[in-house]
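Comments concern the structure below.
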Amino acid sequence: VQDGTPRADRGGAPEVALPAGDSSGRCRILLDLTTAYSWRGRKAVGIIRTEREIARRLLGDATLEVLPFLFHGGQLRALELSFARAMLAEPDAPVLEPVAPPAVEPPPSRRARLIRPFAVAAKWATRHALQAVPSAARPEVALSLIHAREAVRRLIYPPVPPPAAPAPLVVALALPDLSLVLHPRRTDVIWTCGLAWDDLDWAPIALLKAQHGFRVVCLCYDLIPILFPQWVPSHGDLYLSHFLSMVDIADEVPCISACTARDLHDFAARYGRPAPRTSVVRLGANLPESPDPTGLPPALIERFRKGRFALAVGTFEVRKNYGLLLDVWERLARDPGFDLDLVLVGMRGWLIDELLARFEASPLHETRIFWLSDAGDALLSWLFEGCHVALYPSLYEGWGLPVVEALLHRRPVIASNRGAVPEAGLGLATIIDPDDFPGWCEAVAACARAPRVSVPAAPIPSWDETTADVRALLLRAGPARQIA
Amino acid sequence: MSRLLQISTYPTLAPRHGGQRRAHQIGRALERAGHEVRRVAAYDFAPYHGQPSEPAIDLGRLPPPTHPAAWLFEGARALAQDPMELAAFSRLCEPADAIVLEEVWLWPVVRTLPGVRSGALPVIYSGHNIEAPVFARSMRGFGHPRAEEYGAEVAAMEAELAGIAAGASAVTDADARALRRLGARRVVVAPNGVEARDRSHLAGAIPEALAREHRFLLFVASAHPPNASGVPDLFMALLTVLRPLERLVVAGGVCHLLREWLQGGPTHLARGRLILMGELSDFCLDGLFANAAAIVLPLRDGGGSNLKTAEALYSRLPMVATSTAMRGFEDYVGDPGVVVTDEPSAFAAAVRDVLDTPPPSRMPGPRLDRLLWDSTLCPLVAMVDEVLDERAREADGRHRLPPGPAEPPGERA
């Protein structure tokens with residue numbers, strides 16, 4: 001019997017060991033870290049953060065048997081636990097090549113290079129001169145000459161200082177040992193929640209699963225590439241292939257919102273598939289670092305410290321609908337009494353050249369509207385703490401993590417009514433249709449006029465709770481789904 | 001905190017072969033005991049290319065050995081006879097309270113250090129083996145013309161070192177007796193051990209050379225020549241009992257020696273039965289241990305004790321070994337799943353039996369935990385402490401003023 005009980009409020013089947021397909025019969029979690037590996041040294045976006053946060057906790061759970069792996073060359077390659085832990089512990093650290101401290105062999109100095117020809121000549125002359133010495137006395141003379149040579153050397157060369165103690169070994173983040181091919185067992189369950197459309201080759205997994213009957217649990221964030229292909233860079237049929245494989249092969253597809261679960265069921269129905277088992281797993285919203293504005297220019301720190309800014313967080317892309325916010329600000333800024341700044345936080349996304357040109361051409365750009373494209377967790381947390389209101393006018397979302405993060409900081413939120421955004425609002429956000437431009441103007445203006453307020457505390461899941469839900473799903477008893 | 005200088009003939013920071021592992025573990029055990037351990041080495045850099053190293057001298061710059069198997073002996077001797085290299089080595093040796101010398105080979109070098117010459121710096125001999133007889137046999141095996149002379153020279157080195165050392169450690173009781181016979185004063189037995197490694201999660205994680213359907217026997221050994229001493233008879237017998245989906249997987253430097261044998265040997269029998277993996281990472285070895293059906297230790301020769309035997313015992317896998325391989329671990333003969341036999345056909349039959357009817361696993365617990373390095377090296381650490389205490393007392397005695405006449409009673413204010 002596996003240790004641990006599923007949280008009562010989430011329900012779920014009891015955790016029991018699966019029928020023995022190996023000597024132990026114990027369920028082993030095969031942890032896909034392919035995306036985390038390929039994103040080493042880069043700041044985490046939502047999906048990467050999710051993979052890292054859950055993986056770190058599963059690996060740290062001593063009651064679980066967990067084997068991390070990378071998908072590589074059409075095979076599952078086992079990853080050393082120590083490597084995986086080091087990779088997840090400092091995911092943003094620069095990637096380091098392994099460096100072996102050199103054995104002590106100092107390169108010849110410039111002086112040594114200059115003297116060398118003379119030394120060679122002296123050696124040659126001495127050897128010939130030695131031939132003239134009677135053989136009985138030759139060893140003694142040779143030994144005296146060696147001592148003389150050492151004395152001369154000591155005069156010419158400064159003593160070599162003893163080498164420093166070797167530096168501690170650097171964790172070789174760049175080169176994992178991928179020498180072990182992983183053959184899953186019947187009692188295994190694969191957990192994957194990364195950029196599966198990029199990193200996962202479903203065909204060999206299907207074959208292995210058909211042969212050996214392990215389970216696959218794949219987290220689904222959204223079906224936006226299928227529902228709104230115009231908002232994502234064209235990848236041909238990449239996403240269609242991925243989602244078809246997912247509904248065909250995965251035993252369970254937890255979704256990050258009820259909206260995404262509905263979308264997935266609709267997708268399966270549209271393509272004539274039985275829907276896989278789904279459930280809703282809420283993502284954690286706790287930022288891992290304390291608020292800290294370090295990295296922001298001092299003038300901006302001073303400006304934002306007053307708290308007179310609205311914050312919008314999310315990748316700078318069309319779907320986030322930042323164009324609406326630009327329109328709202330250009331309208332409201334005509335009123336001299338409107339003093340709220342707009343701070344956008346998010347990395348540069350795709351298909352935004354036109355939108356970006358509009359922002360840069362606006363007279364409000366960098367006077368009332370600021371875009372921070374490289375903010376870390378600490379700065380983001382500081383901005384959430386300080387903002388007057390958080391805005392989220394997105395045209396569609398599988399969840400709405402920035403909404404939840406704002407609520408976690410007890411900040412008021414004005415958000416769109418599309419996709420899962422209202423769900424993420426937890427009944428506390430002001431929900432407005434993103435097509436309702438006057439409605440947004442009115443809501444932002446009203447908020448700017450009102451004094452700073454805090455919204456009531458809401459039950460927001462932490463990453464620990466998210467991981468507990470995932471753990472319960474992974475250990476849930478049940479046979480693997482047969483692949484048709 | 002005492003300063004110890006550990007001297008070895010290989011890099012010890014990221015150990016691969018048995019000698020490296022033992023020296024590495026000794027250094028760590030002494031550090032855990034509160035000593036400051038500085039490491040120095042002299043070895044041929046080429047075979048250890050890319051491995052992290054303590055400060056070291058490259059023996060590869062010296063005249064090449066007359067035979068690859070003689071490089072430790074000849075390289076160290078050449079170093080001792082080259083004043084410039086000797087001076088360079090001496091400069092690497094930082095001041096210390098004692099020297100821990102790993103194996104005998106560098107003794108001709110270490111004996112020239114001023115502190116050792118004067119007797120002020122105690123030397124602790126960390127023996128891995130009684131080298132002379134094994135070395136002579138090995139040289140004879142290779143047809144080296146100076147095998148006897150070299151053997152005698154190594155024997156003399158061992159005797160001199162044993163006589164001078166303030167303490168000595170051996171890996172088996174037999175080696176300890178031999179050291180005492182050579183005149184060693186304070187001898188402890190610190191057997192080879194094993195590092196606890198969690199491998200249970202690696203079921204089904206195997207190198208690409210193996211298929212999921214394969215059952216395999218595992219033999220892990222370094223390129224130390226005695227490790228191939230089971231060639232040809234034990235290996236031939238082993239290969240003949242394997243069925244179509246069974247393999248003998250060999251890992252470690254011993255593969256180089258087996259390749260030599262295979263060049264003119266049973267290539268047809270080996271094809272489809274024998275997989276030579278070569279030197280592997282610890283992680284890859286973990287995968288092999290986690291999935292092997294059994295361990296085999298087909299050794300005919302060798303001194304000291306086999307580090308891989310401790311590993312095999314601790315793995316709890318069934319194992320078939322020769323009595324030579326069990327040297328130092330005789331206490332475990334007869335434990336569940338430990339079969340010891342020397343005769344080739346009996347060895348092969350035992351392997352077949354283990355594959356057909358897997359014996360029960362050895363139970364984890366204190367008996368197996370005694371194989372961990374922390375436990376096996378305790379006597380060595382205690383002996384080092386004792387030597388240092390003794391030296392400290394001697395120094396204290398030298399520096400203390402002789403007692404003066406007792407004060408007459410009543411004269412104290």
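Chain A is the first sequence line, chain B the second, and so forth, proteins listed ahead of strands; every chain is numbered from 1. Just so it is clear, the model here is predicted, and its values are computed rather than measured.
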ask   = How about B/F45 and B/Y43: are their ring centroids closer than 6.0 Å?
value = yes

ask   = Among all residues two or more places apart in sequence or in another chain, which pass the side-chain contact (heavy atoms from CB on, under 4.5 Å) test with B/R16?
value = B/Q20, B/Q51

ask   = Does a side-chain heavy-atom distance below 4.5 Å link B/V100 with B/L5?
value = no

request  = Measure distances from A/L81 to the heavy atoms of chain B and classify the residue's part below 4.5 Å as side chain, backbone, both or neither.
outcome  = side chain

query = Can you pull out the residues in residues 276-283 of chain B with any heavy atom less than 4.5 Å from chain A?
reply = B/S281, B/F283

message = So, using salt bridge (Lys or Arg N to Asp or Glu O under 4.0 Å) as the criterion, who are the partners of B/R362 when residues are at least two apart?
response = none

ask   = Less than 4.0 Å between a side-chain N and a carboxylate O, is that true for B/R39 and B/E102?
value = no

remark   = So, the part of A/L208 with a heavy atom under 4.5 Å from chain B: the answer is neither

query = Can you list the residues that meet the side chain to side chain donor-acceptor pair (under 3.5 Å) rule with B/S200, with sequence neighbours excluded?
reply = B/D198

Heavy-atom side-chain contact between A/C27 and A/D188 under 4.5 Å = no

ask   = With respect to chain B, which residue among A/I29, A/L30, A/L67 yields the maximal number of heavy-atom pairs within a distance under 4.5 Å?
value = A/L67

